[in-house]
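Down below is the structure, laid out as structure tokens.
Each chain gets a letter, A, B and so on, in the order the sequences are listed, and its residues count up from 1. Predicted, not measured: the structure shown is a model, and the values here were computed from it.
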There are 2 protein chains.
Amino acid sequence: MTNIRTVAARAGVSPSTVSRAFARPEVVAEEARRRVFAAAAELGYQPNPVARSLAMGRTGNLGVIVPDIANPFFTPLIKEVQREARRRERSLFVADSDEHVRQELEVALAMARQVDGLVLASSRLPEEDIRAVAALTPVVTVSRVLDGVPAVATPSDRGIGQAVEHLLALGHRRLAYLGGPEESYVTPERHGALHDAAARGGLEVVDLGHFQPRYEPGVRAADLVLAEDVTAVLAYNDQIALGVVNRLTERGVRVPEEISVVGVDDTWIAGLTRPALTSVRVPVGRAGAVAVRMLADPAPGDGHAARESLATELIVRASTGPAPR
Amino acid sequence: MTNIRTVAARAGVSPSTVSRAFARPEVVAEEARRRVFAAAAELGYQPNPVARSLAMGRTGNLGVIVPDIANPFFTPLIKEVQREARRRERSLFVADSDEHVRQELEVALAMARQVDGLVLASSRLPEEDIRAVAALTPVVTVSRVLDGVPAVATPSDRGIGQAVEHLLALGHRRLAYLGGPEESYVTPERHGALHDAAARGGLEVVDLGHFQPRYEPGVRAADLVLAEDVTAVLAYNDQIALGVVNRLTERGVRVPEEISVVGVDDTWIAGLTRPALTSVRVPVGRAGAVAVRMLADPAPGDGHAARESLATELIVRASTGPAPR
DNA sequence: ATGAAAGCGCTAACAA
DNA sequence: TTGTTAGCGCTTTCAT
């Protein structure tokens, strides 16, 4: 093993000088620095990050945990978190909890002490567990708010309100709602936002139950929708909406001529399907960037945990149209 | 800070005993163990993984680096690597190189010493860089083979051969090929496989150049395809193929009645689009699982680097049909 | 079964 | 500017 002492010996300096040469080259004399780097190069030496972390009490890493790395909703978040981490010369570790609360805790605990901060996206953990993690390392939650933990919120009321408004303007009066998984933190939030907006505007909502945020449940949901007397559907997310659209089309029901479909998340799939999907955009990429900023440049603590909020908005595409008469 | 010494003091034992209580509870006496865990619980103590790593010379982590976490091609890989890692009680860190060689090296080097092994998927790094990383930590490459480094190969010849056979049987005689990015390791491999199979079967191939593996380049490619006198298209991957299909449809060209389209990768998108995409399946999930196995249970070194190879196969869906006459 | 002591590779006062 | 020294928190011989 080639450690700092071997390099020091070879360069004819002390270990501290080697350490300094790597950490703050400007404080070591030209000549010494040259010799250190020469020796390091010959030996193929790189400082050991684990030892460095132990000595400094910080790792230089940031972490982000998402429920499902395969869900396109989270990729902009990961990408932006990564970009912001890079800008600050931090490495980013991503972990996936597989939509599984138990695993999420394990993964979070395993990661917590190996990073200087953790972004928890759409966490399903019970409050106490989040706090336990937050006790080990600085945490910022995204799309989940709880007392005492810094958070970036992405409330759906605005975007969902716009969706309701949009459908009403198109003449729709009865809407089927495909809700999200019961365990998810956002499920009641979206449900509430919809019912508030619908009540205000006079749109009747038929709740069709809970669905996992994937394509196949959407396929299943489509038939339930057809059994109801509705002209529009709002799905918990784009994947479900896509399943609905495809199944409706298969059954010969035209979208949007006969039924309008609205998704939520505005993932990149929404723009690629035919008809392209009208969807509520959740600015999760920006949320990630903001979260890293909060982690890396913590605001002067005024006693309260930091809070940011980013609004959602409706993106209209081809899957919504005038209600049939 | 609550470290091993505080816990030891509190429990009235030595640090070694605390260490043992956590690492191999069976070797410490019932009574001592009880006291240690009690003390740990009261103090909220968890062994510090960084210190443990330094002392043991191993971290308990595994890493995987993919070119683009947002590319659905890689998500089965990540999921399977994760599953295998979990089974072995290792944490998994994922990193994304953003399709950028420079970043890939940085990310790999940053990760290398914080994990006990690294899976490098579809790496674009020059050989020397991969070897440099492999010198720091055990590495297994996926879909990239080089001397002296364990690898899981996913050669495309079989699947592409089946695609050519399929198209010939459907009466196609002239095929447009949309190649992958020039920097990618697989680009020439797929190109070669296609030309070999085409030459054997008597299919004429029109090379339309290099395309980034994303949707938009596929849209652009569609118009190039229409300018050629072909009845079928093979795209480097599903995303490109999807762009082609959508653009063709927009221009009023029916798929597959007028033009057949074949993708590669068989990502989950392939099954969701209309028409569903015929595609060459690359078993990248299994490849990931195998890679972890090679990392975690290394075969008795017989001098050669380990090698596995998983075959590709054509999945026929609705985007291919008989050639128009 | 337990403890003392040395050491993993590095950083950071402190002195020189 | 550089070296000496003392840790960072844990594991692991080696004694007892």
Side-chain angles (χ1 to χ4, degrees), chain A residues 1-40 43-61 91 109-110 112-116 135-137, chain B residues 1-40 43-61 91 109-110 112-116 135-137:
Chain A
M1 255 309 79
T2 155
N3 58 23
I4 203 171
R5 269 204 315 286
T6 7
V7 177
R10 177 114 179 195
V13 300
S14 81
S16 340
T17 301
V18 176
S19 172
R20 290 185 193 107
F22 277 90
R24 299 189 312 282
E26 65 280 6
V27 310
V28 9
E30 164 79 38
E31 166 64 6
R33 198 192 324 157
R34 234 186 18 70
R35 297 226 306 278
V36 168
F37 287 137
L43 298 168
Y45 168 82
Q46 292 275 102
N48 178 328
V50 174
R52 183 194 285 247
S53 299
L54 181 60
M56 298 202 308
R58 58 187 289 283
T59 63
N61 304 325
S91 305
L109 291 175
R113 322 256 325 233
Q114 311 196 44
V115 298
D116 300 332
L136 297 177
T137 193
Chain B
M1 258 308 76
T2 157
N3 58 24
I4 204 172
R5 268 203 316 286
T6 12
V7 177
R10 177 116 181 193
V13 299
S14 80
S16 336
T17 301
V18 176
S19 173
R20 292 187 191 105
F22 277 91
R24 299 189 312 279
E26 65 279 7
V27 308
V28 8
E30 164 78 38
E31 165 65 6
R33 197 192 323 158
R34 235 188 16 71
R35 298 228 305 279
V36 167
F37 288 137
L43 297 168
Y45 169 83
Q46 290 276 102
N48 178 330
V50 173
R52 180 193 288 244
S53 300
L54 181 60
M56 299 202 307
R58 58 186 290 282
T59 63
N61 304 325
S91 304
L109 292 175
R113 320 254 332 231
Q114 313 196 43
V115 298
D116 301 331
L136 297 176
T137 193

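- Side-chain N/O atoms of B:Arg58 include none lying less than 4.0 angstrom from OP1 or OP2 on D:dT11.
- For the contact set between residues 43-52 of chain A and DNA chain D, defined by any heavy atom under 4.0 Å, there are no members.
- Atom pair A:Arg5:CZ and C:dC8:P shows a separation of 6 Å (rounding to whole Å applied).
- Sorted by residue number, the members of residues 9-30 of chain B with any non-hydrogen atom under 4.0 Å from DNA chain D read B:Ser16, B:Ser19, B:Arg20.
- For the residue pair A:Pro15 and A:Ala8, the shortest heavy atom distance occurs at N-CB, 3.6 Å.
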Open item on the list: Could you walk me through whether B:Val13 and B:Val36 satisfy the side-chain contact (heavy atoms from CB on, under 4.5 Å) test, starting with their C-alpha distance in whole Å, then the side-chain angles of each, then the deciding distance to 0.1 Å, before giving a yes or no?
Closed with: CA-CA 8 Å; B:Val13 299; B:Val36 167; 3.9 Å; yes
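- Listed for the A:Arg113 side chain is a donor-acceptor partner under 3.5 Å among the backbone atoms of B:Gln46.
- In terms of modelled atom types and a separation under 3.5 Å, the side chain of B:Arg33 and the main chain of B:Ala21 share no donor-acceptor contact.
- Of all the heavy atoms in A:Tyr45 and A:Thr2, the pair that sits closest is CD1-O, 3.3 Å.
- When all heavy atoms are compared, the tightest approach of B:Pro25 to B:Phe22 is CD-O, 4.2 Å.
- In this structure, B:Asn3 atom CG and D:dT11 atom P are separated by 12 Å, rounded to whole Å.
- Using a distance-only test at 3.5 Å, with no hydrogens or angles considered, a donor-acceptor pair links the side chain of B:Asn61 to the main chain of B:Gln114.
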Open item on the list: Checking A:Arg35 against A:Glu31 for the salt bridge (Lys or Arg N to Asp or Glu O under 4.0 Å) test, could you report, in this order, the C-alpha distance in whole Å, the side-chain angles of both residues, the deciding distance, and whether it holds?
Closed with: CA-CA 6 Å; A:Arg35 297 226 306 278; A:Glu31 166 64 6; 3.2 Å; yes
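- Rounded to whole Å, the distance from CE on A:Met56 to P on D:dC8 is 16 Å.
- Between B:Leu54 atom CG and C:dA6 atom P the separation is 18 Å, expressed in whole Å.
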